[in-house]
Participant: 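Quick one: this structure, given as structure tokens, is what I'll be asking you about.
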Amino acid sequence: MRLASNRFAFLTAVLKAREAKGVDRDTLEEIILRAGSMAEAVDFMKDTDLGGFLAEYGAASFDEMDDLLWKYLGRYFGRIRKLRPDPSVVRLIERYLHRYDVANIISALRAAVFQRPAHMIPVGTLFDQGLLNDLSRVQSPGEAVSVIVMGGMAEYAEPIRRTTEIDRRSLRQVEKGLDQLYLQKLRETLQNMDDHEILLRAHGIILDYQILGMILRAAGSGAASAVDGGGAVSGGYLLTPDMVREFAGLKAAEIAAMLEETPYHAMVQEIARQIEQQGAYVIDRIMDSDLIMRIRELLSPRPLSPCAVLWHLIFKEYEVRSVRVALKAMEDRLPPGEVKDYLVVGL
């Protein structure tokens with residue numbers, strides 16, 4: 001194992017300080033319980049980095065706030081890059097944020113197929129290159145490829161080049177190809193970094209949770225026999241495509257029993273218990289909290305390492321996601337008891 005170096009010391013010290021300025025769970029619960037407007041919600045967050053950003057704009061609706069939250073995330077990661085971190089960290093951040101490029105590409109292709117407006121997230125390389133408007137207007141595979149190549153992301157054009165026309169049938173294959181390519185490229189980036197064994201383990205665990213989510217949602221909807229084992233990307237920490245195929249046709253409780261010797265057993269067992277009472281919506285609620293806790297325990301304790309950087313990227317994403325949940329719940333006047341378990345910041 002290549003040992004972590006003190007060249008990460010300054011950056012990770014800054015990131016730890018910024019985590020302390022994050023929006024904690026207590027603040028989010030206060031927003032849900034007491035805020036009557038977006039302005040009041042922002043006031044509850046006034047002592048946080050995110051709250052300071054939002055206070056500059058005075059957004060009045062959730063849609064306006066939603067757009068600002070994603071803009072904040074993009075600018076925040078840009079601020080990290082301006083700290084001139086080790087080149088390997090810059091590569092990690094850029095590669096990790098390609099997840100948003102992939103999401104935007106998929107959104108654009110879906111918009112073309114279903115003839116509806118594309119929802120673009122203002123984060124990622126294509127956003128940095130000023131190409132999101134062009135991407136949102138594509139109407140064919142060729143147009144999408146042109147925009148992606150123009151943005152310096154030619155490798156992500158390959159899954160699209162394999163089809164001559166995007167329709168509902170081919171869209172699923174293109175989406176799968178893009179997701180698999182992103183995961184493969186992220187793994188390659190992590191493989192060449194300090195502490196790569198731990199980074200790859202974290203990557204594998206995240207992939208395991210994605211696969212488990214797919215399996216459990218299929219089981220919860222009564223379509224477990226339709227689980228596509230071939231669609232499970234190889235390289236998970238514990239789960240393989242062969243294991244996924246074994247889960248086809250099983251109920252959640254049966255899946256939990258097959259995972260008895262794994263760290264995921266208790267989580268899936270709890271999902272199996274609650275899914276009978278509350279429905280499939282409990283899957284993401286339980287899995288998100290369990291995943292963030294597991295990843296934090298693995299990555300956060302290594303301050304002189306890119307592990308701390310990867311953890312911080314994940315932390316900020318979950319912070320923004322939890323704030324979105326709280327603001328939407330506040331606007332829609334949802335019962336606090338139905339919402340607070342989706343708030344995972346601060347675990």
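Any value given below was found using the heavy atoms of this structure, including those in side chains, with hydrogens, waters and symmetry copies removed.
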Participant: With rounding to the nearest 0.5 Å, note down the distance linking CD1 in I314 to CG in L291.
Facilitator: 7.5 Å
Participant: List the atom of L238, the atom of M243, and the distance in Å for their closest heavy-atom pair.
Facilitator: O-SD, 3.3 Å
Participant: Could you check whether any side-chain heavy atom of D288 comes within less than 4.5 Å of a side-chain heavy atom of Y318, counting everything from C-beta outward?
Facilitator: yes
Participant: Could K316 and E319 be called an ion pair, given the rule that one side-chain N must be under 4.0 Å from one carboxylate O?
Facilitator: yes
Participant: Say you draw a straight line from SG of C307 to CD1 of I198; how long is it, rounded to the nearest 0.5 Å?
Facilitator: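 The CD1 atom of I198 is 4.5 Å from SG of C307, to the nearest 0.5 Å.
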Participant: Could you tell me which non-hydrogen atom of E64 sits nearest to which non-hydrogen atom of A60, and how far apart they are?
Facilitator: OE1-N, 2.8 Å
Participant: Please set out all donor-acceptor pairs under 3.5 angstrom arising from side-chain atoms of residues 41-52, sequence neighbours excluded.
Facilitator:
unit_1 : atom_1 : unit_2 : atom_2 : d
T48    : OG1    : M45    : O      : 2.7
T48    : OG1    : G51    : N      : 2.9
D49    : OD1    : R79    : NH2    : 3.2
D49    : OD2    : Y72    : OH     : 2.7
D49    : OD2    : R79    : NH1    : 3.3

Participant: Check each of V90, T125, L186 against R95 using the side chain to side chain contact (heavy atoms under 4.5 Å, CB included) test, and report the only one that passes.
Facilitator: L186
Participant: Just how far is it from atom CD of E30 to atom CD1 of I32, taken to the nearest 0.5 Å?
Facilitator: 10.0 Å
Participant: Could you go step by step and tell me if L259 and L212 meet the side-chain contact (heavy atoms from CB on, under 4.5 Å) rule?
Facilitator: CA-CA 11 Å; L259 293 170; L212 275 175; 3.8 Å; yes
Participant: Quick one: do D24 and T27 satisfy side-chain hydrogen bond (donor to acceptor under 3.5 Å, both in side chains)? Show the steps, please.
Facilitator: CA-CA 6 Å; D24 61 27; T27 299; 2.8 Å; yes
Participant: For a 4.5 angstrom cut-off between non-hydrogen side-chain atoms, does M330 reach F62?
Facilitator: no
Participant: Answer whether the closest heavy-atom distance between the side chains of P159 and L181 falls below 4.5 Å.
Facilitator: yes
Participant: Salt bridge check: are R161 and E158 linked by an N-O gap of less than 4.0 Å?
Facilitator: yes
Participant: Does the side chain of Q180 come under 3.5 Å of the side chain of Q184 through a donor N or O and an acceptor N or O?
Facilitator: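 The answer is no; no qualifying pair exists.
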Participant: Can we call the ring centroids of Y182 and Y156 under 6.0 Å apart?
Facilitator: no
Participant: Are L135 and D101 close enough that some pair of their side-chain heavy atoms sits under 4.5 Å apart?
Facilitator: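 No, too far: nothing below the 4.5 Å cut-off.
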Participant: Can you check whether Y96 and H312 have ring centres sitting under 6.0 Å from each other?
Facilitator: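 Not under 6.0 Å, so no.
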Participant: Is the shortest distance from a Lys or Arg side-chain nitrogen in E297 or R294 to a carboxylate oxygen in the other one below 4.0 Å?
Facilitator: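 Salt bridge flag = no for R294 with E297.
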Participant: Can any side-chain N or O of Q269 pair as donor or acceptor with the backbone N or O of H265 at less than 3.5 Å?
Facilitator: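 Here the side-chain-to-backbone pair does not exist.
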Participant: Could you report the tightest heavy-atom contact between I255 and A219, atom names first, then the distance?
Facilitator: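 Looking at all heavy atoms of both residues, the closest pair is CD1-CB, 4.2 Å.
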Participant: Are E155 and K185 close enough that some pair of their side-chain heavy atoms sits under 4.5 Å apart?
Facilitator: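 Touching, per the 4.5 Å side-chain cut-off.
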Participant: Taking 4.0 angstrom as the limit, do E317 and R99 come out as a salt bridge?
Facilitator: yes
Participant: What I want to check is whether the side chains of R162 and Q173 have a donor and an acceptor closer together than 3.5 Å.
Facilitator: no
Participant: Which pair of non-hydrogen atoms, one from I271 and one from V282, has the smallest distance, and what is that distance?
Facilitator: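 Residues I271 and V282, closest heavy atoms: O-CG2, 4.3 Å.
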Participant: Check the pair V244 / M214 against side-chain contact (heavy atoms from CB on, under 4.5 Å), numbers first and verdict last.
Facilitator: CA-CA 10 Å; V244 173; M214 173 191 71; 4.0 Å; yes
Participant: First locate atom CD1 of I31, then atom CG of D26, and finally report the distance between them rounded to the nearest 0.5 Å.
Facilitator: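 Spacing of CD1 (I31) from CG (D26) equals 11.5 Å.
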Participant: Can you find a heavy atom in the side chain of I205 that is under 4.5 Å from one in the side chain of Y264?
Facilitator: yes
Participant: Looking only at side-chain N and O atoms, does N133 offer a donor or acceptor that is under 3.5 Å from a partner on S136?
Facilitator: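 No.
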Participant: Taking the side chain from E40 and the backbone from G36, do they hold a donor-acceptor pair closer than 3.5 Å?
Facilitator: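 Checked: pair present.
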Participant: Salt bridge or not between K176 and D179? Use side-chain N to carboxylate O under 4.0 Å.
Facilitator: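 Salt bridge: no.
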Participant: Distance-only criterion, 3.5 Å: show the donor-acceptor pairs between side-chain atoms of residues 143-154 and protein atoms not counting sequence neighbours.
Facilitator:
unit_1 : atom_1 : unit_2 : atom_2 : d
E143   : OE1    : Q139   : N      : 2.7
S146   : OG     : G142   : O      : 3.1

Participant: Which atom names give the shortest non-hydrogen contact between I275 and A252, and what distance separates them?
Facilitator: CG2-CB, 4.4 Å
Participant: Let me see the working for R217 and D284 under side-chain contact (heavy atoms from CB on, under 4.5 Å), right down to the final yes or no.
Facilitator: CA-CA 9 Å; R217 279 187 287 273; D284 289 335; 2.8 Å; yes
Participant: Output the distance between atom CZ (F114) and atom CG (L171), rounded to the nearest 0.5 Å.
Facilitator: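 Reported to 0.5 Å precision, the distance equals 6.0 Å.
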Participant: Any luck finding a side-chain donor-acceptor pair between Y76 and R18 under 3.5 Å?
Facilitator: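 The criterion, which ignores hydrogens and geometry beyond distance, is not satisfied for R18 and Y76.
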Participant: Is D194 reaching over with its side chain to a backbone N or O of S305, donor-acceptor style, under 3.5 angstrom?
Facilitator: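 Checking the backbone N and O of S305 against the side chain of D194, no donor-acceptor pair under 3.5 Å is found.
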Participant: Would you kindly confirm whether V325 and L33 end up in one hydrophobic cluster when ILVMFWY residues are joined by side chain heavy atoms under 4.5 Å apart?
Facilitator: no
Participant: Determine, for R81 against D128, whether the closest basic-nitrogen to carboxylate-oxygen distance falls under 4.0 angstrom.
Facilitator: yes
Participant: Answer yes or no: is there a side-chain heavy-atom contact under 4.5 Å between T262 and V268?
Facilitator: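 Contact flag for T262/V268 side chains = no.
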Participant: side-chain contact (heavy atoms from CB on, under 4.5 Å), that's the test. Do E331 and M38 meet it? Break it down for me.
Facilitator: CA-CA 8 Å; E331 183 173 73; M38 289 297 165; 4.0 Å; yes
Participant: State whether the number of non-hydrogen atoms from other residues, nucleotides or ligands found under 6.0 Å of R333 atom CZ is greater than 12.
Facilitator: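 Atom CZ in R333 is crowded, with more than 12 foreign heavy atoms closer than 6.0 Å.
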Participant: Apply salt bridge (Lys or Arg N to Asp or Glu O under 4.0 Å) to residues R110 and E175 and explain how you reach the verdict.
Facilitator: CA-CA 10 Å; R110 287 178 180 171; E175 290 178 1; 2.7 Å; yes
Participant: To the nearest 0.5 Å, tell me how far S300 OG sits from L310 CG.
Facilitator: 11.0 Å
Participant: How close do L190 and L92 get, counting heavy atoms only, and between which atoms?
Facilitator: CD2-CD1, 3.6 Å
Participant: Distance only, no hydrogens: is a donor on one side chain within 3.5 Å (strictly under) of an acceptor on the other, for D63 and S61?
Facilitator: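 The answer is no; no qualifying pair exists.
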Participant: Check whether more than 12 heavy atoms from other residues, nucleotides or ligands sit under 6.0 Å from atom CZ of R116, and answer yes or no.
Facilitator: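 More than 12 heavy atoms, drawn from other residues, nucleotides or ligands, come within 6.0 Å of this atom.
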Participant: Would you say the side-chain atoms of D332 pair up with the backbone N or O of L334, donor to acceptor, closer than 3.5 Å?
Facilitator: no
Participant: Side chains of L216 and M287: does their closest heavy-atom pair fall under 4.5 Å?
Facilitator: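 Side-chain contact under 4.5 Å: yes.
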